[in-house]
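Report on the structure given below.
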Protein chains: 2
Amino acid sequence: MKEDSLGHTTSKLKVIPLGGLEAIGMNITAFEYEDSIIVVDCGLAFPEDDMYGIDLCIPDITYLLDNAAKVKGFVFTHGHEDHIGALPYILKQLNVPIYATKLTMGLIELKLTEHDLIRTTKRKVVHPGQSINLGKFRVEFIKTNHSIQDAVALAITCPAGTVIHTGDFKVDFTPVFGDAIDLQRLGEIGKKGVLALMCDSTNAERPGYTPSESTIGKAFDQIFGEHKRQRLIVATFASNVDRVQQIINTANKYGRKVVIEGRSMVNVISVAEELGRITIPENTLITLDEMKNYPDDRIVLITTGSQGESMAALSRMAAGLHKKVQIKAGDLIVFSSNPIPGNEKSVSKVMNELYEKGADVIFQDTHVSGHPCQEEIKLIYSLVRPQFAIPVHGEVRHRVAQAKVARLLGYDSKHIIMMHSGDVLELSDNHAAIAGHVQNGPILVDGLGVGDVGNIVLRDRQRLAEDGIIMVVMTLGSRSREILAGPDIVSRGFVYVRESEELMDEAQEVVEDAVEKCLRGKSSDWGRIKTAVRDDLGDFIWKRTKRNPMILPIIEEVSE
Amino acid sequence: MKEDSLGHTTSKLKVIPLGGLEAIGMNITAFEYEDSIIVVDCGLAFPEDDMYGIDLCIPDITYLLDNAAKVKGFVFTHGHEDHIGALPYILKQLNVPIYATKLTMGLIELKLTEHDLIRTTKRKVVHPGQSINLGKFRVEFIKTNHSIQDAVALAITCPAGTVIHTGDFKVDFTPVFGDAIDLQRLGEIGKKGVLALMCDSTNAERPGYTPSESTIGKAFDQIFGEHKRQRLIVATFASNVDRVQQIINTANKYGRKVVIEGRSMVNVISVAEELGRITIPENTLITLDEMKNYPDDRIVLITTGSQGESMAALSRMAAGLHKKVQIKAGDLIVFSSNPIPGNEKSVSKVMNELYEKGADVIFQDTHVSGHPCQEEIKLIYSLVRPQFAIPVHGEVRHRVAQAKVARLLGYDSKHIIMMHSGDVLELSDNHAAIAGHVQNGPILVDGLGVGDVGNIVLRDRQRLAEDGIIMVVMTLGSRSREILAGPDIVSRGFVYVRESEELMDEAQEVVEDAVEKCLRGKSSDWGRIKTAVRDDLGDFIWKRTKRNPMILPIIEEVSE
């Protein structure tokens with residue numbers, strides 16, 4: 001610890017986001033003060049479109065491993081995948097205690113059980129309003145609202161000052177479950193002085209306020225009231241327990257039984273019920289198999305698949321692949337969701353399939369966002385009044401939109417910090433500066449493999465996807481340097497060979513010429529033959545087809 | 001020709017959409033009456049996400065080729081790619097005359113020149129209000145409005161009755177160029193009796209009216225007025241000449257020079273100028289090279305790339321790959337467009353890159369659609385009052401939305417015809433029935449190849465993209481049935497081999513065991529060896545990695 005001339009501590013707080021600032025997802029931020037590091041959230045990201053075959057992305061925590069002795073634990077803002085999803089992978093590398101609110105911990109425990117980490121992970125449930133001490137940090141959990149229950153903002157205090165991290169949130173004065181966001185406490189902490197505010201940017205491009213979750217209850221009431229004779233199927237996010245609660249309430253009012261379908265929906269609701277986060281009236285829930293005992297107008301099916309995910313329950317129903325639910329004319333499917341950017345086409349595909357089967361679909365005015373619009377962001381800034389604004393949670397465009405809001409509130413560019421993942425921000429009273437950069441970036445998970453698919457493999461997959469592969473196989477004699485078998489051409493993903501016989505015959509000639517030229521020129525170095533085949537065949541194929549398949553010459557050598 | 005007992009003709013009109021009804025794009029519809037066929041539009045579709053490597057899709061016109069002698073020509077509603085883009089490919093198979101309005105023909109001619117078809121294609125420019133006779137058909141071109149000039153609806157009349165095909169349209173009472181949609185004539189024809197209305201469904205899910213194109217002029221005026229010191233870059237659709245006209249008008253008002261950038265934008269604007277479809281004041285246009293002679297606040301760059309297309313000019317600027325335009329802090333980029341569904345992420349990527357370079361971006365309230373919302377659809381139905389409603393142009397969801405509008409107007413399900421591509425609809429007075437189905441579906445274009453990539457090749461590409469390929473190569477003696485070389489394992493797109501040495505070593509053992517077992521068992525049939533390798537290695541890889549790469553055993557045989 002350094003001291004200035006007055007004996008005050010001069011150590012700075014370091015804020016190091018290891019992900020989450022370039023795209024939606026993979027939220028993880030380290031806070032470091034002297035010998036203490038705490039980490040906020042540990043999320044996964046879903047792969048970009050060109051990351052073929054990748055299941056998910058997790059953060060690179062090299063910096064934490066290098067400073068493992070300092071790391072006091074993970075604290076979580078809420079239980080969405082982009083905030084908790086990478087935890088099992090990370091705990092295998094760095095086993096530290098974890099701190100979360102009730103439902104968040106419940107959802108984390110589902111994962112830990114699946115990864116066989118439940119017995120080895122130290123964990124503590126924290127209630128909104130409580131604080132915990134972790135090394136030189138004190139972390140207060142502050143009630144917020146979001147599209148999942150038990151979301152909190154964190155007030156992170158160390159001798160250098162206090163940072164408020166909002167997590168994902170909205171301002172909901174009339175939430176379905178529990179209290180509204182604790183605006184009083186945010187104001188109280190703000191009044192005492194806050195170094196920096198790290199605030200959710202997801203909706204910062206949108207003017208106005210996000211409506212309350214409870215407004216959706218009225219929408220359901222209207223839909224149920226107007227469609228009393230049809231079977232109802234409602235698709236929504238598995239983790240939005242309040243949404244499911246409202247569907248169940250409406251079902252109960254209209255005398256319908258409720259079926260819950262889709263693995264993640266079943267999991268979340270059973271955790272929520274155990275924790276008292278959802279109230280299901282007796283004799284309301286029935287199983288999928290019991291559905292046949294009730295007429296259509298006595299049933300609501302609540303299901304996953306609102307994003308058109310190909311393996312989700314609703315998508316399987318729409319495609320006619322679900323084992324127990326057949327969509328039929330007259331069914332009404334309600335999408336209680338908006339497509340997340342990138343999912344528009346998948347969602348449309350599912351809707352089109354439902355319409356083709358004669359079902360009707362409602363997808364307008366049946367969803368509200370869980371993130372703050374511009375006026376809510378202004379409200380939080382006005383309560384917290386931080387020295388520095390650090391827009392987080394969102395792509396650059398969203399964070400820039402929050403920066404614009406901050407500017408309207410009087411913040412100049414010196415007091416708005418636009419960070420990149422890996423940046424080391426040093427903060428202390430009236431001081432903020434990017435002081436370094438640490439290793440970061442997505443680690444790709446493909447099946448059981450973590451990190452064994454990197455850029456080279458991905459580039460190969462992209463090329464294979466684009467134009468396929470042509471293999472040229474031949475056997476050469478080790479002494480005679482002569483062709484003993486081949487060259488044989490085999491292709492996959494290039495052309496349908498039977499319809500391109502002429503092309504493939506000519507390709508054969510091109511390859512034979514290339515090999516012969518090498519052998520005749522005494523240049524029987526295998527490497528040179530491969531290069532000649534690759535170049536000549538590649539040129540020929542490009543000229544004839546304007547395609548660029550991967551060309552892979554393989555030479556087998558037989559000792560003579 | 002058949003006659004009924006009163007001597008009236010009883011031949012029916014056949015309407016055969018060969019594409020365009022399952023997805024946006026590939027619009028082409030044949031109208032057949034006795035010995036005459038006319039074809040409305042001949043569009044391409046852009047490939048679906050899982051059609052790896054495919055450049056575009058064109059319609060299968062087997063039915064037209066089988067009835068080539070009947071085909072009198074192609075008539076076009078407007079010059080967008082999804083209505084004219086497949087024509088060069090189709091004309092090579094079926095050379096018939098083409099009929100289109102001025103700008104539409106100008107854009108078609110660009111394509112015909114490129115494909116060296118301009119001298120061999122008979123073509124005629126038709127003006128809105130004119131009619132042409134094609135065999136037993138009379139086709140009247142009726143002025144409409146759309147996001148491209150010279151769009152027309154077609155009134156297609158034969159002895160069985162009249163069908164009105166709207167093409168893509170909107171109702172614009174105050175268009176930027178030329179006249180408003182000819183509502184009077186639609187009413188007049190409607191009054192005489194119309195068999196069926198084939199109406200654009202793209203926006204049928206949206207209530208209200210689409211605003212006039214001219215409202216965007218005011219938006220530009222405000223943006224130019226509020227950003228007088230910055231360089232302005234406006235991205236929009238190359239074919240929206242009226243949009244470009246409004247940008248040029250505003251530029252002129254604010255004393256800015258205009259640069260046009262992006263190949264398709266340059267092409268369209270030069271055709272439009274030749275045809276008098278755009279008015280560019282003298283000394284307004286400058287070249288990209290001349291830009292350096294003017295300060296930033298005297299320049300507007302109008303560019304392609306509003307959809308985030310990776311090779312378009314704006315995307316190259318944003319990525320820092322454009323040779324002549326560097327984005328810099330202070331630049332203002334206006335997206336005068338909405339992302340077409342599916343392009344949201346690409347557009348966001350470009351915006352993020354622009355923000356990262358310090359530029360500012362405006363993308364709200366700077367675009368209007370070219371398609372009719374629900375009230376406009378109601379207006380057209382009320383003028384035309386067809387016997388039958390045939391929603392076209394859109395995915396199933398959009399066409400169902402139009403069907404709902406038609407139902408509100410009193411049409412029952414017998415009078416709303418939901419067609420699929422390839423359906424043969426027979427129409428006559430008070431009669432409509434699907435009477436058959438003809439071959440249809442997309443033909444895939446990949447580079448120079450048309451139709452040589454089919455489902456098998458696509459499935460291979462999907463699998464290669466997902467998990468890569470493992471090749472197992474070995475040389476066997478023809479007489480000894482012994483392994484002379486190999487087995488060697490080569491993989492691409494599977495794992496980064498250097499980091500997975502152990503896995504690959506074990507894989508080698510698995511393969512050797514499989515081959516040896518076959519050879520020991522005297523089962524030296526090459527096919528059996530291949531099957532054993534594929535099965536055993538596939539099982540091993542799945543168990544160890546939960547991945548399913550393509551496994552390709554290749555056996556070379558050396559005669560001994």
Side-chain angles (χ1 to χ4, degrees), chain A residues 22 48-49 52-53 205 341-342 344-345 348 351-353 355-356 361 364 395-397 400 446-449 451-454 456-458 460-469 471 473-475 484-486 488 490 492-496 499-500 544-547 550 552 554 556-559, chain B residues 22 48-49 52-53 205 341-342 344-345 348 351-353 355-356 361 364 395-397 400 446-449 451-454 456-458 460-469 471 473-475 484-486 488 490 492-496 499-500 544-547 550 552 554 556-559:
Chain A
E22 283 69 36
E48 298 293 319
D49 289 344
Y52 293 133
E205 290 176 342
E344 292 83 357
K345 285 183 98 168
S348 269
M351 288 187 184
N352 289 334
E353 289 169 344
Y355 281 123
E356 280 283 7
V361 176
Q364 286 164 331
E395 300 169 25
V396 181
R397 56 184 288 188
V400 168
D446 178 1
L448 296 181
D452 66 340
V453 171
I456 295 176
V457 174
L458 278 190
D460 280 351
R461 287 185 184 174
Q462 287 158 7
R463 187 153 173 213
L464 290 169
E466 197 64 25
D467 286 317
I469 184 169
M471 289 141 288
V473 185
M474 69 196 90
T475 303
L484 301 181
D488 294 306
V490 182
R492 285 294 182 276
F494 172 54
V495 290
Y496 191 45
E499 297 193 351
S500 309
R544 285 292 300 276
T545 66
K546 291 279 177 284
R547 298 182 205 169
M550 185 182 284
L552 191 63
I554 304 175
E556 293 274 293
E557 181 173 322
V558 169
S559 50
Chain B
E22 283 69 37
E48 297 294 319
D49 289 345
Y52 292 133
E205 290 176 342
E344 292 81 357
K345 285 183 97 169
S348 269
M351 287 186 184
N352 289 334
E353 288 169 344
Y355 281 124
E356 280 284 6
V361 176
Q364 285 164 330
E395 300 169 25
V396 181
R397 59 184 287 187
V400 168
D446 178 1
L448 297 181
D452 66 341
V453 172
I456 296 176
V457 174
L458 278 190
D460 280 352
R461 286 185 185 175
Q462 287 158 7
R463 186 153 175 212
L464 291 168
E466 198 64 24
D467 286 319
I469 185 169
M471 288 140 289
V473 184
M474 69 196 90
T475 303
L484 302 181
D488 294 306
V490 183
R492 286 294 183 275
F494 172 55
V495 289
Y496 191 46
E499 296 193 352
S500 310
R544 286 292 301 274
T545 65
K546 292 278 179 283
R547 298 182 204 169
M550 185 182 284
L552 192 64
I554 303 176
E556 293 272 294
E557 181 173 322
V558 169
S559 50

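Letters A, B, ... are given to chains in the order of the sequence lines, protein chains preceding strands, and every chain is numbered from 1.
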Query raised in the report: Is the closest side-chain heavy-atom distance between Leu464(A) and Arg461(B) below 4.5 Å?
Result: no
Report task. Measure distances from Val400(A) to the heavy atoms of chain B and classify the residue's part below 4.5 Å as side chain, backbone, both or neither. Result -> side chain
Query raised in the report: Taking the side chain from Arg397(B) and the backbone from Asn352(A), do they hold a donor-acceptor pair closer than 3.5 Å?
Result: no
Requested in this report: For chain A, find which of Val361(B), Val453(B), Asp49(B), Asp467(B) contributes the most heavy-atom pairs closer than 4.5 angstrom.
Outcome: Asp467(B)
Report summary line: The salt bridge (charged side-chain N to carboxylate O under 4.0 Å, His left out) partners of Asp488(B) (sequence neighbours excluded) come to none
Query raised in the report: Backbone N or O of Asp460(B) within a donor-acceptor pair of the Gln462(B) side chain at under 3.5 Å?
Result: no
**Report entry** chain A contact via Lys546(B) - which portion, at a heavy-atom distance below 4.5 Å
**Finding:** both
Report summary line: dist Met351(A):CE -> Glu356(A):CD (nearest 0.5 Å) comes out at 15.0 Å
Query raised in the report: Which bit of Arg544(A) is near chain B, if near means a heavy-atom gap under 4.5 Å: side chain, backbone, both or neither?
Result: backbone
Requested in this report: Please flag which part of Gln364(A) lies under 4.5 Å from any non-hydrogen atom of chain B: side chain, backbone, both or neither.
Outcome: side chain
Query raised in the report: For Ile456(B), is it the side chain, the backbone, both or neither that has a heavy atom under 4.5 Å from a heavy atom of chain A?
Result: side chain
Requested in this report: With a 4.5 angstrom heavy-atom cut-off, could you sort out which part of Ile554(A) is near chain B: side chain, backbone, both or neither?
Outcome: side chain
Report task. Report yes if the side chains of Met474(B) and Leu484(B) come closer than 4.5 Å at any heavy-atom pair, otherwise no. Result -> no
**Report entry** Per-residue contact mode, Glu557(A) against chain B (heavy atom under 4.5 angstrom)
**Finding:** backbone
Query raised in the report: Where on Leu458(A) is there a heavy atom nearer than 4.5 Å to chain B: the side chain, the backbone, both, or neither?
Result: neither
Query raised in the report: Using non-hydrogen atoms only, which part of Val490(A) is less than 4.5 Å away from chain B: side chain, backbone, both, or neither?
Result: side chain
Query - Those residues that, when tested against Arg547(A), pass side chain to side chain donor-acceptor pair (under 3.5 Å) (two or more places apart) - result: Asp446(B), Asp452(B)
**Report entry** Proximity breakdown for Ser500(A) and chain B, heavy-atom pairs closer than 4.5 Å
**Finding:** side chain
Requested in this report: Take Tyr52(B) and Glu466(A) through the side chain to side chain contact (heavy atoms under 4.5 Å, CB included) test and state the conclusion after the steps.
Outcome: CA-CA 5 Å; Tyr52(B) 292 133; Glu466(A) 197 64 25; 5.7 Å; no
